[in-house]
Amino acid sequence: KIGVHMSTANILIVEDELVTRKTLKSVFEAEGYNVLEATDGNEMHQVIKDNNINLIIMDINLPGKNGLLLARELREIQNIALIFLTGRDNEVDKILGLEIGADDYITKPFNPRELTIRARNLLTRTMQDNLYFEEVRQKVENYKFNGWTLEIDSRSLISPNGDVFKLPRSEFRAILHFIENPGKIQTRAELLMKMTGRELKS
């Protein structure tokens, strides 16, 4: 995905509500993106298999497997940028989503302009991350600490017992930041900015 031009990035909308899905499609196509659609997890996996997807915008409340479960599955496959749509201003959904692997979230009803700006910023950050992680990987294949191993190439954390944990982009970014800044005290605001690219709101 390194070097993908912003306006030609492929965005996948995973939303079972027709009106919302078509609205999202038109909003992003107006910005010049290529937009694909899915109504549930099965369709999502098929689209990902057949296309090079750069960003997924997913409703948390989907039929069958909900967005939180699908995000967990996505994390096991690859690190595609992910924005959650939440149907209400629900802090639990937001926190769970970020912990599971979403890069950002936005609450419905959404402001189309805000959403496109969030998407563009996330795509930019994702591509910068890919370049940065590639630079790190060329210098070191992994970091070892207290029996644990952080693999740069797979973005995985391996326990002393050999258990492998595929990390969401935000968690990988945070652990790498800690490793590269040993002993330095980090504020909550600094960590949030490093993990999500967003400032802490009081």
Side-chain angles (χ1 to χ4, degrees), residues 1-4 9-10 12 14 41-42 44-58 60 62 65-84 92-105 121-198 200:
K1 296 180 178 68
I2 297 174
V4 174
N10 293 325
L12 172 59
V14 186
N42 291 333
M44 177 195 76
H45 284 301
Q46 189 60 50
V47 173
I48 291 171
K49 181 180 176 183
D50 296 338
N51 300 272
N52 179 31
I53 301 300
N54 305 108
L55 168 65
I56 293 175
I57 297 174
M58 185 192 304
I60 283 186
L62 291 168
K65 292 182 180 177
N66 67 26
L68 296 172
L69 288 171
L70 293 176
R72 195 183 296 276
E73 291 179 2
L74 271 175
R75 193 176 76 184
E76 297 301 318
I77 304 168
Q78 53 186 300
N79 260 305
I80 301 175
L82 173 63
I83 295 177
F84 266 143
V92 174
D93 277 355
K94 292 174 183 176
I95 293 167
L96 281 173
L98 292 172
E99 285 184 348
I100 286 172
D103 297 285
D104 206 346
Y105 57 81
N121 290 345
L122 177 54
L123 283 165
T124 300
R125 199 164 74 241
T126 302
M127 291 168 194
Q128 288 172 344
D129 274 357
N130 287 338
L131 289 170
Y132 173 63
F133 294 153
E134 179 62 23
E135 288 174 3
V136 173
R137 192 180 66 81
Q138 288 175 359
K139 289 185 289 187
V140 56
E141 291 185 0
N142 53 56
Y143 286 104
K144 295 183 183 296
F145 56 96
N146 297 334
W148 293 76
T149 301
L150 183 69
E151 281 194 348
I152 305 301
D153 195 29
S154 66
R155 301 182 199 178
S156 299
L157 186 63
I158 303 172
S159 76
N161 296 327
D163 297 321
V164 179
F165 303 93
K166 186 87 171 177
L167 298 177
R169 189 188 332 276
S170 56
E171 289 182 15
F172 180 82
R173 194 187 289 123
I175 291 178
L176 187 59
H177 182 65
F178 279 129
I179 290 173
E180 293 181 334
N181 297 275
K184 181 181 176 183
I185 296 174
Q186 306 289 331
T187 68
R188 186 166 174 238
E190 287 171 338
L191 274 178
L192 189 71
M193 175 59 77
K194 191 69 184 175
M195 292 173 70
T196 69
R198 292 172 66 172
L200 180 65

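Atom CG of residue Asn10 and atom CG of residue Asn51 lie 6.5 Å apart, to the nearest 0.5 angstrom. We find the CD-CG distance between Glu151 and Leu167 to be 10.5 Å, quoted to the nearest 0.5 Å. Once rounded to the nearest 0.5 Å, the distance linking CG of Asn142 with OG1 of Thr149 reads 5.5 Å. Note that CG of Leu157 is 9.5 Å distant from CZ of Phe172, once rounded to the nearest 0.5 Å. Within the model, atoms CG of Leu12 and CG of Asn52 stand 12.0 Å from one another, a figure rounded to the nearest 0.5 Å. Remark: Ile175 CD1 to Phe145 CZ distance equals 6.0 Å, nearest 0.5 Å.
Gly67 and Phe84 make their closest contact through O-CZ, 3.3 Å (heavy atoms, listed as atom of the first residue, atom of the second, distance). Closest approach of Ala81 and Asp103 over heavy atoms only: CA-OD2, 3.3 Å. Considering every non-hydrogen atom in both Lys65 and Leu70, the closest pair reads O-CD1, 3.8 Å. Considering every non-hydrogen atom in both Asn146 and Pro160, the closest pair reads O-CG, 4.1 Å.
Looking at Asp104, its side chain never comes within 3.5 Å of a backbone N or O of Ile83 through a donor-acceptor pair. Side chain of Asn66 to main chain of Leu68: a donor-acceptor pair is present (N/O by atom type, distance under 3.5 Å, no hydrogens or angles).
Counting only heavy atoms from C-beta outward, the side chains of Leu74 and Ile48 approach each other to under 4.5 Å. Residues Ile152 and Leu176 form a side-chain contact, since some pair of their non-hydrogen atoms from C-beta on lies under 4.5 Å apart. In this structure, the side chains of Arg173 and Arg125 come closer than 4.5 Å at one or more pairs of heavy atoms.
In terms of the side-chain contact (heavy atoms from CB on, under 4.5 Å) criterion, residue partners of Ser156 (sequence neighbours excluded) are, by chain and number, Ser154, Val164, Lys166.
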